[in-house]
Every structure is written in C-alpha cells, then in structure tokens.
Amino acid sequence: MYNSKKILLLGSGELGKEVMIEAQRLGVETVAVDRYEGAPAMQVAHRSYVIDMLDPKEVRDIVEKEKPDLIVPEIEAIATSELIKLEEEGFQVIPTARAAKLTMDREGIRRLAAETLQLPTAKYEFADTYEEFEQATRNIGFPCVIKPLMSSSGKGQSVCHSKEEIEECWKIAMEGGRVQNGRVIIEEFIRFDSEITLLTVRAVNGTKFCAPIGHIQKDGDYIESWQPHQVTEGQIQEAKKIAQVITDELGGYGLFGVELFLAQDKVYFSEVSPRPHDTGLVTLVTQNLSEFALHIRAILGFPIPEITLVTPGASRPLKAIEEMNEYRVEGLEQALAVTNTQVRVFGKPVTKVGRRIAVTLSTAETVEIAKKQAKNALDYLTIKQ
Ligand SMILES: Nc1ncnc2c1ncn2[C@@H]1O[C@H](COP(=O)(O)OP(=O)(O)OP(=O)(O)O)[C@@H](O)[C@H]1O
Ligand SMILES: NCC(=O)N[C@@H]1O[C@H](COP(=O)([O-])[O-])[C@@H](O)[C@H]1O
Ligand SMILES: [Mg+2]
C-alpha cells in the first residue's frame, strides 16, 4: 500500500482548501478540521472532523486518533497551548507551536516584534476594562485603531476618531472577537501611503521572498490585492530585513505573510501570519509556485529553488452583504468571459455579512490592467438566494 505522509489541517477555509489541493498533488494524505461542517478544505480532504478548535481536549483527541506527521494551523483561533504540549510529545506543528501561539493573540506577536526585536510598529497599549480603554485612547490619541486581541479579517476592528466614538468602538470590539475575554489593543493610526504583504518562505534551502503584494483594506478586511506592488529599493530592503528578523525568530518551515505599512520615510511592521495569507490568493495566477504550493513544499521539507513572478496580476474578493442559509453565486459565465481571468468559488455552506465567498483572479501585462479585469469580473458576480 502507498504509504504517504499525513497532514492534519486545523481550520478549513478557502486558504486551507488550496493548501490541501497542493498537498494531494504531492501524494499527501489530508485530514481537515473546522468548527462547522462542509468547510471549503473539507470538500477536498480525504477525511474531516468538526470540533471546537479552541477546546484543548477536542484538539488532542483528533491528533491522538489521526497521529498526523504534520499539524498545520490554518486560522489563529486554536487551542495553541495544547499544540505546545503536543509538540513536546513529538508531534510536528507548522511552523512551530510557539509561532502559532504567539500569532494567535495580537499581544504576543506585537510585544515580541516591538519590544524584543525592536521592529518599528505603531504605538500601542492594551486594555482589559472600559476605564483602561478610555485612558489608552487618550494616551495614544485620535484617530486610533481598536482590535480584539484574538480576531482576524477585521472582525471587531474599528477606527476611533474622537472621544464621542469610544463607547461604540468598545462595543464593536467586545462583539467581534473570537474569544470573549475583553482585552483589546489600541494602536496609533498610521497614515501610510500603501500597505504590502511580503510573502516569506522558510524552507530547507533557506529563506526566500516573493514579490511584494499591494492591497487595499476596508473595515479591516482586504478588498483588492495585486502583485507586484511598486516599491523603492530602500523600502524593499527594509521590508525584507523586517521579514527576515520576524520569521527567523518564529522559526520552523513554511510560508509567512508579513504585513507592512509603507510611509514616507519609514516601513512599519503590522503583523504576520505563519501561514498563507488572504491577499496572497493572487499568487494562484502570478507565480510559478503559488503561496499554497510554497507552503506545502516548505513544510514537507522539500527545497524551493526559485520563486518567479510570471506575470502581474490582481485579485478581488466577493463578499456577502447579507446572511443566507442557501445561496448560489451568479454571473460566472460573464465573469469567466473576462480576458485572462479566473474565479474560485469557495463553497462555504452559508453566507454572513462580510463573509468572503469567492475571488476573481486576473493577469495582464500591467497591474493596472489586471486590476481592471479583476474588478470587471467581480462586478458580474452576485450572491443570490
Ligand atoms: N495601526 C494602524 N494604522 C492604520 N491602519 C491600520 C492599523 N492597524 C490596522 N490597520 C488597517 O486595518 C487592516 C487590518 O488590520 P490587521 O491586519 O491588524 O487585522 P486582522 O483582523 O488581523 O486582519 P487579517 O487577519 O485579515 O490579516 C490593515 O491591513 C490596515 O489596512
Ligand atoms: N484573514 C484571514 C483569512 O482570510 N483566513 C481565511 O478565512 C477563513 C475563515 O473564513 P470564514 O470566517 O468565512 O469562515 C479561514 O479558514 C482562512 O481560510
Ligand atoms: Mg492583517
């Protein structure tokens, strides 16, 4: 019988689905886990489980039952303290259990980056209570950005412009976090010119960087990304330096999405995902190896000889504007008629306001043309009951 390696994916969204497809292309056995049934990666995995991934015992039970070669976190919200124990017992966690734990909460990664590694970041404070929160907004000044410690894709995030908005921002943060423990980060609002994701891969043959991905975010979630983003020589040197420092510190093998703000005379570190990044979906059409292929190669211990940007490209996510228990994506025929354009429909079982349902991916001779095509295709797509 064919004796392949086995991957256990914790989190089974659209990014995990592409990771699983790449794993299977190399003959890997795939097991997908998430908090709900029919998650995108479950649809392509060999087997799947629905558990509460924040429950240490439920995570341990699956790991002990499946005995995977690699445990691959796909979202932040996992019982990472249990991953630390499982790693100590000999299981391999990607990239490391410590990296998963540190990046799960904004405090861990921010303190490591700013205080231990001295990387440039926005000024920040943490608050547990409304009173501390009020004081922190005064210390940081307006506008400031408020985020729950554990959240992603902008959930629970808001910009506070004045003291009149403080109460509303606190409410948004309390309702939007993945775990309701009340603690929030208050960040200085950085007036950046642009922001990028620098995909960085740590593989057996060293650390490699992809061409910078530019993106635009709305309400803390990405609405457009493109590659390459034009940067100055000084900016890319600084960006690579920051990415090298933070990924060296986190260690292990795998792909990281290093998020950076580019301002007039400074590059700021924002955060890092120790896994493929949503803005990096564009690499499905722009690179010789997508971010998902790179992640799988790296974590399996295979070399990555060269990452080539084959063509400029752009992506646009389709986000739901209302909650629907049954839906379909319409307009694919028109969207797919757009030049050099592809669509990925994730197959999530239900929609929620703001939930990403599909993405358009376009290539062209220039980023500007690719952006137009991706937008053009997106405009054809609608979510219907
Ligand atoms: N301090 C800041 N100053 C200005 N803009 C900010 C700041 N922090 C966040 N933003 C904006 O909000 C976006 C989302 O913030 P952040 O990446 O921290 O949230 P997230 O929920 O972790 O997102 P994701 O999980 O999708 O990466 C950033 O990409 C940026 O556009
Ligand atoms: N910014 C992080 C990100 O994009 N993560 C991706 O979104 C999924 C959750 O989506 P859902 O909330 O629609 O279930 C995650 O599983 C991951 O693929
Ligand atoms: Mg982010």
Side-chain angles (χ1 to χ4, degrees), residues 9-20 32-42 53 72-78 103-106 109-110 114 120-125 140-141 143-160 173 176-178 184-197 213-225 256-263 268-281 291-292 315 317-320 323 344 346-359:
L9 189 71
L10 295 176
S12 295
E14 57 269 39
L15 306 181
K17 183 176 180 180
E18 298 294 338
V19 168
M20 293 307 231
V33 180
D34 211 323
R35 64 190 188 284
Y36 66 95
E37 239 166 89
M42 291 179 181
M53 291 183 289
V72 184
E74 197 257 359
I75 63 169
E76 291 88 1
I78 300 171
T103 53
M104 169 185 193
D105 92 286
R106 299 185 192 279
I109 190 65
R110 178 54 63 93
T121 70
K123 279 187 240 138
Y124 58 89
E125 285 198 14
I140 299 287
C144 52
V145 186
I146 322 301
K147 308 169 198 172
L149 284 196
M150 205 204 295
S151 75
S152 73
S153 296
K155 293 188 186 85
Q157 181 174 327
S158 64
V159 178
C160 190
R178 296 242 192 208
V184 300
I185 184 169
I186 300 94
E187 285 185 29
E188 166 197 13
F189 185 89
I190 303 295
R191 293 178 200 280
F192 51 76
D193 297 324
S194 60
E195 59 178 317
I196 60 167
T197 303
I213 295 169
H215 49 93
I216 293 185
Q217 306 256 336
K218 188 164 177 282
D219 302 326
D221 199 17
Y222 108 95
I223 54 165
E224 183 182 38
S225 77
F256 299 75
V258 181
E259 296 179 27
L260 303 155
F261 300 151
L262 308 183
Y268 291 84
F269 169 79
S270 173
E271 58 165 6
V272 56
S273 66
R275 60 184 72 97
H277 199 270
D278 51 9
T279 62
L281 278 162
E291 63 167 345
F292 310 103
S315 87
L318 173 69
K319 286 158 68 83
E323 197 171 311
R344 298 281 193 276
F346 308 139
K348 293 182 183 179
V350 300
T351 73
K352 284 178 203 146
V353 177
R355 194 175 204 191
R356 206 182 298 136
I357 298 300
V359 69

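In this text the structure is predicted, and so the values were computed from the model without any measurement. Both counts, for ligands and for their atoms, begin at 1 and track the order of listing.
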Parallel, tilted or perpendicular: rings of H277 and H215 (30°, 60°):
tilted
Tested for side-chain contact (heavy atoms from CB on, under 4.5 Å) against V359, the lone hit among K319, E14, R344 is R344
### Proximity flag G11 to ligand 2, non-hydrogen atoms under 4.0 Å
no
key: Heavy-atom gap R35 to ligand 2 smaller than 4.0 Å   = yes
Contact region, K352 to ligand 2, non-hydrogen atoms below 4.0 Å, reads neither
query = Looking only at heavy atoms of K155, does any of them come nearer than 4.0 Å to an atom of ligand 2?
reply = yes
The ring-ring contact (aromatic ring centres under 6.0 Å, His included) partners of Y268 (sequence neighbours excluded) come to none
Please tabulate, one line per pair, the protein N or O atoms found under 3.5 Å from any N or O atom of ligand 1, giving the distance to one decimal.
from     : atom 1 : to   : atom 2 : distance (Å)
ligand 1 : 1 (N)  : E187 : OE1    : 2.8
ligand 1 : 1 (N)  : E188 : O      : 2.9
ligand 1 : 3 (N)  : I190 : N      : 2.9
ligand 1 : 8 (N)  : K147 : NZ     : 2.9
ligand 1 : 12 (O) : Q157 : NE2    : 2.9
ligand 1 : 15 (O) : Q157 : OE1    : 3.4
ligand 1 : 17 (O) : E259 : OE1    : 2.9
ligand 1 : 17 (O) : E271 : OE2    : 2.6
ligand 1 : 18 (O) : R106 : NH1    : 3.3
ligand 1 : 18 (O) : K147 : NZ     : 2.7
ligand 1 : 19 (O) : Q157 : OE1    : 3.3
ligand 1 : 21 (O) : R106 : NH2    : 3.1
ligand 1 : 21 (O) : S153 : N      : 3.2
ligand 1 : 21 (O) : G154 : N      : 2.8
ligand 1 : 22 (O) : R106 : NH1    : 3.1
ligand 1 : 22 (O) : R106 : NH2    : 3.2
ligand 1 : 22 (O) : E271 : OE1    : 3.2
ligand 1 : 22 (O) : E271 : OE2    : 2.7
ligand 1 : 25 (O) : S153 : N      : 3.0
ligand 1 : 26 (O) : S153 : N      : 3.3
ligand 1 : 27 (O) : E259 : OE2    : 2.9
ligand 1 : 27 (O) : E271 : OE2    : 2.9
ligand 1 : 29 (O) : E195 : OE1    : 2.7
ligand 1 : 29 (O) : E195 : OE2    : 3.4
ligand 1 : 31 (O) : E195 : OE1    : 3.4
ligand 1 : 31 (O) : E195 : OE2    : 2.5

Taken in chain and number order and not counting sequence neighbours, the residues that satisfy ring-ring contact (aromatic ring centres under 6.0 Å, His included) with F346 are none
Note on the Mg ion (ligand 3): protein N/O/S atoms within less than 2.8 Å are E259 OE1, E259 OE2, E271 OE2
Counting heavy atoms under 4.0 Å, the part of K348 that contacts ligand 2 is side chain
Check: Do you see a donor-acceptor pair shorter than 3.5 Å between the side chains of S153 and R355?
Finding: no
Checking heavy atoms under 4.0 Å, the part of L15 that sits near ligand 2 is both
Correct closest heavy-atom pair for V184 and P148 would be CG1-CA, 4.3 Å
- Message: Quick check against the 3.5 Å criterion: does R356 have a side-chain atom that pairs as donor or acceptor with the backbone of A320?
- Response: no
